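Proteins get letters first, then strands, A, B, ... in listed order; numbering begins at 1 in each. Values in this document were obtained by computation on a predicted structure and should not be read as measured data.
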2 protein chains.
Amino acid sequence: MYGQLKNIEIFKSLSNEALERLAAVSKRVEHQKGTILIYADKTEPYFYILESGIARAYSDGESQQITFWFGQSGAVLFSFNSYINNSPGYENIELLENCSLIQIRLTDLFLLYEQHLEIANWGRKIAEHELIATERRLIDRAFKGAAERYQDFLDQSPELIKRVALKHIASYLGVTQVTLSRIRAAHK
Amino acid sequence: MYGQLKNIEIFKSLSNEALERLAAVSKRVEHQKGTILIYADKTEPYFYILESGIARAYSDGESQQITFWFGQSGAVLFSFNSYINNSPGYENIELLENCSLIQIRLTDLFLLYEQHLEIANWGRKIAEHELIATERRLIDRAFKGAAERYQDFLDQSPELIKRVALKHIASYLGVTQVTLSRIRAAHK
DNA sequence: GACAGCATTTTACAAATGTTAAAAAATGAT
DNA sequence: ATCATTTTTTAACATTTGTAAAATGCTGTC
């Protein structure tokens, strides 16, 4: 595993020694498009890093399904509530393409956090990185209209537009699919 | 300082030894109501923990000011971008009452993260805690109407309703003050 | 290539929220 | 207490977005 982790962006800041410790508890897994990797109502025992493919996190409402996260190659992928509170959460994670993932058991990861300073700080930075991205989105919702959020999405994630169904992008942007269609129509 | 930190919730999980290391770089400061503790366009060199009083974080837009965070006693208070990326951010933090705060210089805190396993994991948990709260809010925006978000706020932060201007709560909930007034009127 | 099953767009109408301005209520200072 | 200032509510109207349903477009399979 060591040689494989080395090439993944998120591991690049780590020393060889830390990387070896992580490699020892990592396993590569492959799953098909359409797989629900994580279920909202179960405590998920694994932490994943996406090597290839794309995924989305969503919550089920009464009538709709809301996508609130997309992950591409290099993304970390875990159930927030399982990871942080060791309890079931509110997110499902679905693979939108065939995916290759690095899988680490949470109990192994937590043990490393308690043993290894460098890995503990690596884990801290993962949480901080997700935090700032999430806060950024919350603020954008307040300051930017739906059309501008769509344009930003186009600029920042051109890959995703091609590969993800628009209905998922609509809910990610916080509008209905009808509104997104209107925005796209006005755009041309 | 050691004896003072001991009584603050966020420090309670720490060993005496870790607490002493933190106490050695902590300082208590007091500031008056109305003080802007953190400015959006400056890299903020300190990290704070609120001992008493309340504060809000807000961003300035062209015509409005959007409050996106409230902190009460026990809250950690820092500029996300300064803390995480060492660069100016988008948040101002204003004290809404006279406040007593624990102040720690970021350079001191980062040094402890690199030296002390327990403190590094403590920092990780701080980020994770903020992360899950922020994600929760983003999802609530999608699934709940403004009236329900107001009711949740009443239930979860009854203190804040009494002590914070409604215009700030309106923008925190993602509506205009007019809409919040309508919700409150319908409520009775 | 025709068909079935989805995804996307369009249309018409409804509901929610925003905008502006004025009135009422609350707050603070003298 | 009174006055000035600020906050909150109310009103009227405009705009945005949502809902439901039909029309169109796309994809994969036989």
Side-chain angles (χ1 to χ4, degrees), chain A residues 32-34 36 54 56 58-68 70 94-98 138-154 160-188, chain B residues 32-36 54 56 58-59 61-68 70 94-98 137-154 157 160-188:
Chain A
Q32 286 200 314
K33 171 175 176 168
I36 308 294
I54 54 179
R56 72 175 180 117
Y58 67 95
S59 268
D60 285 306
E62 291 170 27
S63 54
Q64 346 97 291
Q65 214 179 52
I66 305 260
T67 298
F68 54 86
F70 290 113
E94 178 190 4
L95 305 184
L96 298 173
E97 299 180 349
N98 294 338
L138 193 64
I139 294 178
D140 279 356
R141 286 276 178 101
F143 282 110
K144 297 179 177 175
E148 192 178 353
R149 295 205 299 276
Y150 173 67
Q151 185 59 54
D152 288 350
F153 188 85
L154 281 182
L160 290 178
I161 291 283
K162 293 177 215 152
R163 290 153 73 183
V164 175
L166 285 173
K167 64 179 171 186
H168 296 145
I169 293 172
S171 76
Y172 178 84
L173 293 174
V175 296
T176 60
Q177 197 179 353
V178 175
T179 298
L180 180 56
S181 263
R182 286 194 271 239
I183 290 167
R184 284 160 57 83
H187 208 68
K188 296 164 191 168
Chain B
Q32 286 200 314
K33 171 175 176 168
T35 302
I36 308 292
I54 53 179
R56 71 175 179 117
Y58 67 95
S59 268
E62 291 170 26
S63 55
Q64 345 99 292
Q65 214 177 52
I66 306 259
T67 297
F68 54 87
F70 290 113
E94 178 190 3
L95 304 183
L96 298 173
E97 299 180 349
N98 294 339
R137 284 186 61 208
L138 193 64
I139 293 177
D140 279 356
R141 286 277 177 100
F143 281 109
K144 296 178 176 174
E148 191 177 353
R149 295 204 300 276
Y150 173 67
Q151 185 59 53
D152 288 351
F153 188 85
L154 281 182
S157 311
L160 290 180
I161 290 283
K162 293 177 216 151
R163 291 153 71 183
V164 175
L166 285 173
K167 64 179 170 183
H168 295 145
I169 293 172
S171 75
Y172 178 84
L173 293 174
V175 296
T176 60
Q177 196 178 354
V178 175
T179 297
L180 180 57
S181 263
R182 285 193 272 239
I183 290 168
R184 285 160 57 83
H187 208 67
K188 294 165 193 166

Test salt bridge (Lys or Arg N to Asp or Glu O under 4.0 Å) applied to A:Asp140 - qualifying residues, sequence neighbours left out
A:Arg136, A:Lys144
Generate the contact string for nucleotides 14-22 of chain C. Rules: B means base contact, S means sugar-phosphate contact only, - means no protein heavy atom under 4.0 Å.
---SBBB--
Between C:dT27 atom C1' and B:Lys162 atom NZ, what is the distance in whole Å?
19 Å
Of A:Leu180 and B:Ser181, whose closest DNA chain D nucleotide lies nearer the 5' terminus?
B:Ser181
In whole angstroms, how far is the C1' atom of D:dT6 from the CG atom of B:Leu166?
13 Å
For nucleotides 23-30 of chain D, tabulate all protein N/O to nucleotide N/O atom pairs closer than 3.5 Å, reporting atom names and distance.
none

How many Å lie between NZ on B:Lys167 and P on C:dT27, as a whole number?
14 Å
For A:Lys144 and D:dT16, give me the distance from atom NZ to atom P, rounded to whole Å.
19 Å
Rounded to whole Å, please give me the gap between CZ in A:Arg141 and P in D:dT16.
19 Å
Tell me the interatomic distance from A:Ile161, atom CD1, to C:dA7, atom P, rounded to whole angstroms.
17 Å
Check side-chain hydrogen bond (donor to acceptor under 3.5 Å, both in side chains) between A:Thr176 and all other residues, then give those that pass, not counting sequence neighbours.
A:Thr179
Return a table of donor-acceptor pairs under 3.5 angstrom between the side chains of residues 167-175 of chain B and protein atoms on other chains or two or more places apart.
| unit_1 | atom_1 | unit_2 | atom_2 | d |
| --- | --- | --- | --- | --- |
| B:Ser171 | OG | B:Thr67 | N | 2.8 |
| B:Ser171 | OG | B:His168 | O | 3.3 |
| B:Tyr172 | OH | B:Arg137 | NE | 3.4 |

In whole angstroms, how far is the C1' atom of D:dT17 from the CD atom of A:Gln64?
14 Å
Contacts of B:Ala147 meeting side-chain contact (heavy atoms from CB on, under 4.5 Å) (sequence neighbours excluded), chain-then-number -> B:Ile183
Using the C1' atoms of five pairs at each end, what's the angle between the two axes of the helix from C:dG1-D:dC30 to C:dT30-D:dA1, to 10 degrees?
50°
Got a sec, which residues hit side-chain hydrogen bond (donor to acceptor under 3.5 Å, both in side chains) with A:Gln177, two or more places apart in sequence or on another chain?
none
Could you work out, with side-chain hydrogen bond (donor to acceptor under 3.5 Å, both in side chains) as the rule, every residue matching A:Glu148, not counting sequence neighbours?
none
Would you say that B:Phe70 contacts B:Ser157 through its side chain, given a criterion of any heavy-atom pair below 4.5 Å between the two side chains?
no
Using atom NZ of B:Lys33 as one end and atom P of C:dT27 as the other, report the distance to the nearest whole Å.
11 Å
Can any side-chain N or O of B:Asn98 pair as donor or acceptor with the backbone N or O of B:Lys33 at less than 3.5 Å?
yes
Which residues satisfy the side-chain hydrogen bond (donor to acceptor under 3.5 Å, both in side chains) test with B:Tyr150, sequence neighbours excluded?
B:Arg184
B:Thr35: side-chain contact (heavy atoms from CB on, under 4.5 Å) partners, not counting sequence neighbours
B:His31, B:Gln32, B:Leu95
Contacts of B:Ala142 that satisfy side-chain contact (heavy atoms from CB on, under 4.5 Å) - sequence neighbours left out:
A:Ile66
